[in-house]
Protein chains: 2
Amino acid sequence: MAIIFSRKCELGIQAVLYLASAEGRDIISSEEIANELKIPKEFISKILQELTASRIIASKKGKMGGFSLAKNPNKIHLLDIVLAIDGSDIFSKCVLGFPHCSSETPCPMHATWSQLIDETFKMLSEETIDNYKNKVLRKIESLK
Amino acid sequence: MAIIFSRKCELGIQAVLYLASAEGRDIISSEEIANELKIPKEFISKILQELTASRIIASKKGKMGGFSLAKNPNKIHLLDIVLAIDGSDIFSKCVLGFPHCSSETPCPMHATWSQLIDETFKMLSEETIDNYKNKVLRKIESLK
DNA sequence: TTTTAATCAGACAAAAACATCTGATTTATA
DNA sequence: TATAAATCAGATGTTTTTGTCTGATTAAAA
Ligand code: SF4
Ligand code: SF4
């Protein structure tokens, strides 16, 4: 179904980008996020809980409660979200599914793939969601 | 579980590489492949059937039956196997899971990701399993 | 102080992916 | 020709991922 990130991770990134794009408005409910992103409220709620536990976003309970970024958007990297939800497997595991890989016997695909995955890692760790704020709003608009 | 290819696809690639590395010996049984790659016979059999249906490998039924490459290994690209088993979704779908993407409103991640996925596509379509023949044997040896 | 609207925690359900089993068919060889 | 050893097709079972529900807790506002 998903390409490289799990569905939960895809939606986690979408949600954090939405929160970033809505900065200025203090707190956003899971219901609003669900409506805007056109995904089930219950599912995004679970994901928001995970992101809260990893302190990427912050939550406020009770009436008028909701979620907000836990820190300045130029301090939140896409990588943080990926690691929080999917972990680091994609950066370390063998692309061909061979177990216990040893660099003494690299398989033929290793060099090319590890270069690609390194570039992906670099991109995810350099890009902050700050860079995305405005552009993502246009994307979400187009969902309507 | 798997990084970017499904488990079936990972094992499909492993199996085709094994067949390539065993060229000269005419026909290889699913049991040998399963033993060498340390995976269940029943599972790899199903995958070998799929690869046979897509004419990447050829099968011979009956006693002394088994599988062999359907064409010269310099004519089989990694991409063929990926498309046969996983299809083309990874090359076309949105990395963030947004539906009905329109290039009129590209989201912020689009440029970087599409470059990475283009490079992956290029690599998979250029690499033939011929290039891998000998090296992969060392990899399989190391599983023992 | 009661009601309302939100998150939270954990159980539950459904769907997809992964893996196995069974029996039919095919073919080499004793 | 009978037996053995292989693929093939499709059903079945298991595990993981995805998605939903329920009830508890929290906090704002009537
Ligand atoms: S060397 Fe080969 S087997 Fe090892 S991780 Fe790289 S691709 Fe996988
Ligand atoms: S432009 Fe954005 S939403 Fe569209 S496919 Fe690319 S990453 Fe996905």
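Order of the sequence lines fixes the chain letters, A, B, ..., with proteins taken first and strands second; residue numbering starts at 1 for each chain.
At D:dT7, one or more side-chain N or O atoms of B:Ser30 fall inside 4.0 Å of OP1 or OP2 (strictly under the cut-off). Contact between the side-chain N/O atoms of B:Thr52 and the OP1/OP2 oxygens of D:dT7 is not found at any separation under 4.0 Å.
Checked for salt-bridge contact, B:Arg25 and B:Glu32 meet the test: a charged N lies under 4.0 Å from a carboxylate O.
The distance between atom CG of A:Leu48 and atom C1' of D:dG19, rounded to the nearest whole Å, is 15 Å. Remark: P of D:dT7 and CD1 of B:Ile27 are 10 Å apart, rounded to the nearest angstrom. One can place NZ of B:Lys8 at 14 Å from C1' of C:dT20, the figure rounded to the nearest angstrom. When rounded to the nearest whole Å, the span between CG of A:Asp26 and C1' of C:dA6 equals 15 Å. Atom C1' of nucleotide D:dG19 and atom CD of A:Gln49 are separated by 14 Å, given to the nearest angstrom. With rounding to whole Å, B:Glu10 atom CD is found 13 Å from C:dA17 atom C1'. Atom CZ in B:Arg7 sits about 11 Å away from atom P in C:dT20, given to the nearest Å. When the C1' atom of C:dA16 is taken as reference, atom CG of B:Asp89 falls 14 Å away, rounded to whole Å.
Annotation: salt bridge (Lys or Arg N to Asp or Glu O under 4.0 Å) contacts involving residues 63-86 of chain A, sequence neighbours excluded, are absent. Residue pairs meeting the ring pair (Phe, Tyr, Trp, His ring centres under 6.0 Å) criterion with at least one partner in residues 49-91 of chain A, sequence neighbours excluded, are A:Phe91-A:Phe121.
Relative to the side chain of A:Ser59, the nucleotides D:dT7, C:dC8, D:dT18 differ in distance, and C:dC8 lies closest.
Within residues 39-47 of chain B, the residues having any heavy atom closer than 4.0 Å to DNA chain D are, in order of number, B:Lys46.
Between B:Glu10 and B:Ala2 the shortest heavy-atom distance is OE2-CB, 3.3 Å.
Residues forming a side-chain contact (heavy atoms from CB on, under 4.5 Å) with A:Ala15 (at least two apart in sequence, or on another chain): A:Ile33, A:Leu37, A:Ile44, A:Leu48. Every side chain to side chain donor-acceptor pair (under 3.5 Å) that A:Asn72 has, sequence neighbours left out, goes to A:Asn74. By the salt bridge (Lys or Arg N to Asp or Glu O under 4.0 Å) test, B:Glu50 pairs with B:Lys8, sequence neighbours left out. In terms of the salt bridge (Lys or Arg N to Asp or Glu O under 4.0 Å) criterion, B:Glu119 has no residue partners (sequence neighbours excluded). With sequence neighbours excluded, the residues satisfying side chain to side chain donor-acceptor pair (under 3.5 Å) with B:Thr128 are B:Asn131.
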Using a 4.0 Å cut-off on protein heavy atoms (strictly under), produce a 5'-to-3' string for nucleotides 23-30 of chain D with B for base contact, S for backbone-only sugar-phosphate contact, and - for none.
-> ---BBB--

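For A:Leu11 and B:Ser29, each mapped to the nucleotide of DNA chain D holding its nearest heavy atom, the one lying further toward the 5' end belongs to B:Ser29.
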